[in-house]
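See below for the structure under consideration.
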Protein chains: 2
Amino acid sequence: MAEAWQRPFCGSLRPEHIGQQVELCGWVRRRRDLGGVVFVDLRDREGIAQVVFRDQLKSQAETLSPEDVVRVVGTVVARENPNPEIPTGLVEVVAEHLQILNRAETPPFVVEDRVKASEELRLRYRYLDLRRPEMMANLLLRHRITFEIRRYFHEMGFIEVETPILTRSTPEGARDFLVPSRLSPGKFYALPQSPQLFKQLLQVAGLGRYMQIARCFRDEDLRADRQPEFTQVDVEASFISEEDIFALIEGLFHRIFPLVGIEPPEHFARLSYAEAMESYGSDRPDLRFDLRLADFSGPSAECDFLPLREAAATGRVKGFVVPGGAAFSRKELDTLGEQAKELGLPGIVWMKKTADGVASPAKKALGDAGVLRFLQAAGCQDSDLLLIAGGPEKTVLTALGQLRLWCVRKLDLLPQNQFAFCWVTDFPLLEWDEETQRFYACHHPFTSPKPEDVELLETAPEKVRARAYDVVVNGLELGGGSIRIHDAELQRRVFACLGITPEQAQQKFGFLLEAFRYGAPPHGGIALGLDRLVMLMAGRESIRDVIAFPKTTAGNCLLTDAPNVVDEEQLTELHLQLKP
Amino acid sequence: MAEAWQRPFCGSLRPEHIGQQVELCGWVRRRRDLGGVVFVDLRDREGIAQVVFRDQLKSQAETLSPEDVVRVVGTVVARENPNPEIPTGLVEVVAEHLQILNRAETPPFVVEDRVKASEELRLRYRYLDLRRPEMMANLLLRHRITFEIRRYFHEMGFIEVETPILTRSTPEGARDFLVPSRLSPGKFYALPQSPQLFKQLLQVAGLGRYMQIARCFRDEDLRADRQPEFTQVDVEASFISEEDIFALIEGLFHRIFPLVGIEPPEHFARLSYAEAMESYGSDRPDLRFDLRLADFSGPSAECDFLPLREAAATGRVKGFVVPGGAAFSRKELDTLGEQAKELGLPGIVWMKKTADGVASPAKKALGDAGVLRFLQAAGCQDSDLLLIAGGPEKTVLTALGQLRLWCVRKLDLLPQNQFAFCWVTDFPLLEWDEETQRFYACHHPFTSPKPEDVELLETAPEKVRARAYDVVVNGLELGGGSIRIHDAELQRRVFACLGITPEQAQQKFGFLLEAFRYGAPPHGGIALGLDRLVMLMAGRESIRDVIAFPKTTAGNCLLTDAPNVVDEEQLTELHLQLKP
């Protein structure tokens, strides 16, 4: 193998290299001229090496500026003043030859982790941003994670198959990106929102175990941390059950999380959707802390505080204990109340013990004893705060779920470096939409109902649970999937629940339904959001930090200035014109 | 790990399983009812197992039809009548339990390797086509190759980075696919023709060694074996030379070709572009056979056959010996002559020895002795045929290159299971286009000229050779690349040769040129066509056979019916309308 591939990285020099002559190529991080000697920190993707220039090389080295690209030949020696804080800090390179490969102008921001530049400037000069050690480390980590994911699935007998990017609408229901066809006037390809249909067709083809690290596209109104294109670890297999998927993904996480020093538990916690909503007010509960929602409908129904009594009569009353929440100031309690209203609650009732008995806005109606009864029922300690709210079930649960997270952040109750893994199962199959007055598929229309609930499809569709599951880490939904329908008759019944006529089904998914007639195996799968997974493992707050060339929330690439205008000629070739 | 992942495949049963109880899931290939016993061949992606149903299971098994999906529990036993022709042929499974998981209708074609269905029908029912053993084997091989490619580059310190699919025009010069932006009215993303600019920017970022198995898109007028989307093994590295790339790719091929039993030579042959054209009339010479073009300008210049004498005076006269070509019939020689004219030659002169002396259309002018002089100069044996043509250099070389291949196919001189690897180097940097009266970049505008030719850029640009290279196997160009320009001043001079003004350069590639100001390392790379590579290794004739869901030459997916019409509403959202 040629020499270039055996050349050490600056960041990989260690005491075992002492005495060796090495060739280093990299970027000047900084230069210090000290007592007739020039010290240069030379940077590459793996880290930094200190290079010492003396004698004849000194004057050449004195011309070096940050980000100049150089090649140095020299000998590795032990450092006189070791720096134990960096991995290469025990050695330095005494230069014998210096070649300046390219000069750099002064960059628009300093290429260091402690960058002050706005994210906009960083995105515009992404190549300089990525040169910063923490960003480069994100790229390297992403590679190691994806490589390990592929190795794991390969060992498990999965076959990676590339599915088309130029395809037709898939059933996710978000807005498609379209690609006009030049050869078929008036027709368009759609970019896939996921390889859903293809991975199911590959099961019909008999592939058995499919995986792909797949690019997906959704033309959404962009939220803060979404990207128009994103990457998913896409998995599908035949002749399997939910338990097989759980074991498969737990095994995957056992493989990859140790890359960043995290050891997931042997088995992940499991909660049904109903339990997750009931206890945490969320279908992606953060289990790093407890703060479970408890039911106060009983005590509320017979209490003298009217808002709670009425809520208990018509809806639900739930609450939770905030450990240490007694310390909340009046202003913080007011903020909590405003938050509650923004989340759709009529308000929130707080209760706590004080030196003088109890405090609560409900104290007047309930009396000290009445408040104490709630506090005792909740198991509230002296330093704690009890929060209670009533109203329609879904509003109460989801709002309290949000307030739970708000309190945890406010009181800094989030444990550092702790990771809580769980499965949320038994999602509802269908979701009623008030606006359009119809059911929608919670997951997608090919998700199988639970066998014991199939008989409810026509009588109580809202009660039908799906064979669907999500994997959740620290309150972040990392992925989800389901066991699919492989029976044409059952598929027809689910379509009927969704108000999809046989004609519409034929028009939209005809090729899949047809495929199911020629030997469709039972199958299911899961898709993990790779960007989120890497973000979590890298300890970052934004997926943009783990994507090499991300777009802004408005869908723009500030580096290449995409999207951009095109010639009228190009549009004409595509049989299109701009709408005036 | 759960049981499903440890279940054996039908095709993986071997004598070592004898005595074990196994669970098999698969598709019924065929059923034979023999003397009170039902034999079923059960198929999955790995192969076929014979299952025997006796006693109570017999009547259930008798209902099985081809492509039914079943689950069988049974015990592996040695087969009474072994079939050594299939890998599982020494064993069979005596069924103890049969579960029919799904019934299949009669498929539109038989799911066997010897399929008679048209390619159109196969593409329409691609899931059945892929179920055929030879097609499934192609998918599995493609996975093994891509996995091994990734493992190799990982071991070599390369980092896989995902680059954007929604981006802006790249400099390949083919037509882009466009994606209208909804959020930026009147603007469009382009799908990348390659990650060229991003992989260079990643070098500026300091990544050092990049690779990606990348989807690329070209909206070309589709030729027989092109696809609008294709996959390339994309590679770029810093601080390297051509030799490093050659060693890297030779090492890769040493790793992957043995997967199909091919051992490439330690070092690949190397030819300059000039040598390849001169000796084989092609920049992707098939070196599995010799048949080199030789120069006949000398003997032609002084001969009495006017067409050759004139050609020698104004252009070139070249020819080659066809081993065994004396056996060509008159009709075949006529066809050769027609081919020559179609390829732009004025005609072709053939010469051979016969029992009566010599034969050739030039015999009248040259006499026996004159013809013999040519035959002897060419080293022509009695059974051989000499073909000679004259005219403008490029026409003569490329036409004879084509005729060389035609003769080899005609005479069946192609050795089976032989693989000839070579590098073609020193391509011209620029190519003159008569129509537009300007130079174009042969590779792309960032390709570096050879240092020793840089001084010719302004005086004799057509003579400048590029630091570009192709890897060619059996006459198939598997990939190509170059060392790039990293010096802003040199880039300006090359743009000037291409007639690109500084303003145009700024507008098209401004972000790359700007990046080069902040510390661009010397770098270069290569891209391999994965579809072609897998096709070659799988011994197939079409890339469609190694792509799971390919499109027709008209760009249509016959399975999903993409591209397709969209709602007017969708177009309005994209600020577009169809051109009447």
Side-chain angles (χ1 to χ4, degrees), chain A residues 1-2 4 25 27 45 67 69 102 104-105 107 127 130-131 143 147 154 159-161 164-168 177 179 181-184 186-189 201 204-206 208 215 229 239-240 243-244 247 511 515 517-521 548-549 554-555 559-560 562-564 566 575-579, chain B residues 1-2 4 25 27 45 67 69 102 104-105 107 127 130-131 143 147 154 159-161 164-168 177 179 181 183-184 186-189 201 204-206 208 215 219 229 239-240 243-244 247 511 515 517-521 548-549 554-555 559-560 562-564 566 575-579:
Chain A
M1 192 46 65
C25 294
W27 285 256
R45 77 174 199 215
E67 308 314 322
V69 185
N102 217 345
E105 293 180 20
Y127 43 89
L130 292 176
R131 211 186 276 167
H143 165 72
F147 185 77
H154 177 77
I159 305 296
E160 185 159 10
V161 177
I165 298 288
L166 293 172
T167 180
R168 70 177 279 176
F177 280 105
V179 182
S181 163
R182 185 174 53 87
L183 297 172
S184 299
K187 295 192 173 178
F188 295 77
Y189 301 99
L201 288 167
V204 178
R215 204 72 62 84
E229 57 182 302
F239 312 116
I240 54 145
E243 291 299 328
D244 297 314
F511 60 98
R517 290 169 20 203
Y518 299 113
F549 300 101
L559 170 62
T560 62
N564 213 316
V566 300
H575 325 284
L576 288 177
Q577 58 193 27
L578 293 181
K579 200 149 190 161
Chain B
M1 194 43 66
C25 294
W27 286 256
R45 78 173 197 215
E67 307 314 322
V69 185
N102 217 346
E105 294 181 18
Y127 43 89
L130 292 176
R131 211 186 275 167
H143 166 72
F147 185 77
H154 177 76
I159 305 296
E160 185 158 10
V161 177
I165 298 289
L166 294 171
T167 180
R168 69 176 279 177
F177 280 106
V179 183
S181 163
L183 297 173
S184 299
K187 295 191 173 180
F188 295 77
Y189 301 99
L201 289 167
V204 179
R215 204 72 62 83
D219 186 10
E229 57 182 302
F239 312 116
I240 55 145
E243 290 300 328
D244 297 315
F511 59 100
R517 289 172 16 205
Y518 298 114
F549 300 101
L559 170 62
T560 62
N564 214 317
V566 300
H575 326 283
L576 287 177
Q577 59 192 27
L578 294 180
K579 199 149 191 160

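Numbered from 1 within each chain, the chains take letters A, B, ... in sequence-line order. What you see is a predicted model, and the numbers here were worked out from it, not measured in a lab.
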Does the plane of the ring in H143(B) sit parallel, tilted or perpendicular to the ring in H154(A)? Use 30° and 60° as the thresholds.
tilted
Distance from R215(B) atom CZ to L166(A) atom CG, nearest 0.5 Å?
9.0 Å
Any side-chain heavy-atom pair from E229(A) and I165(B) closer than 4.5 angstrom?
yes
Of A205(B), P164(B), C25(B), the largest count of non-hydrogen pairs under 4.5 angstrom with chain A goes to A205(B)
Heavy-atom pairs under 4.5 Å with chain A, option from N102(B), N564(B), V161(B), L559(B) with the top count:
N564(B)
Answer with side chain, backbone, both or neither: which region of R517(A) has an atom nearer than 4.5 Å to a non-hydrogen atom of chain B?
both
Go through it in stages, so that I can follow the logic: the residues are F549(B) and T167(A), the test is side-chain contact (heavy atoms from CB on, under 4.5 Å), and I'd like the CA-CA distance, side-chain angles, deciding distance and then a yes or no.
CA-CA 10 Å; F549(B) 300 101; T167(A) 180; over 6 Å; no
Between the NZ atom in K579(B) and the CD atom in Q577(A), the distance rounded to the nearest 0.5 Å is 5.5 Å
Using non-hydrogen atoms and a 4.5 Å limit, figure out which bit of L183(A) sits close to chain B: side chain, backbone, both or neither.
side chain
Kindly write out the residues that satisfy side-chain hydrogen bond (donor to acceptor under 3.5 Å, both in side chains) with E160(B), not counting sequence neighbours, or none if the list is empty.
R150(B)
Between Y518(A) and Y127(B), how do the two ring planes meet: parallel, tilted or perpendicular, split at 30° and 60°?
parallel
Sub-4.5 Å side-chain heavy-atom contact between V204(A) and R131(B)
yes
Residue from I240(A), V566(A), L130(A) scoring the most non-hydrogen pairs under 4.5 Å with chain B is V566(A)
With chain A as the partner, which of G206(B), P107(B), G208(B), S184(B) has the greatest number of non-hydrogen pairs under 4.5 Å?
G206(B)
Using the six-membered ring wherever Trp is involved, compare the ring planes of F177(B) and Y189(A) and label them parallel, tilted or perpendicular (cut-offs 30° and 60°).
perpendicular
Pick from A515(B), G555(B), S181(B), A548(B): which one has the most heavy-atom pairs with chain A under 4.5 Å?
A515(B)
When the 4.5 angstrom heavy-atom criterion is applied to A554(A) and chain B, the contacting part is backbone
R45(B): salt bridge (charged side-chain N to carboxylate O under 4.0 Å, His left out) partners, not counting sequence neighbours:
none
Please determine, among G519(B), G186(B), A562(B), the option with the most heavy-atom pairs under 4.5 Å with chain A.
G519(B)
What I'd like to find out is whether the side chain of R168(B) reaches to under 4.5 Å of the side chain of T560(A), using heavy atoms alone.
yes
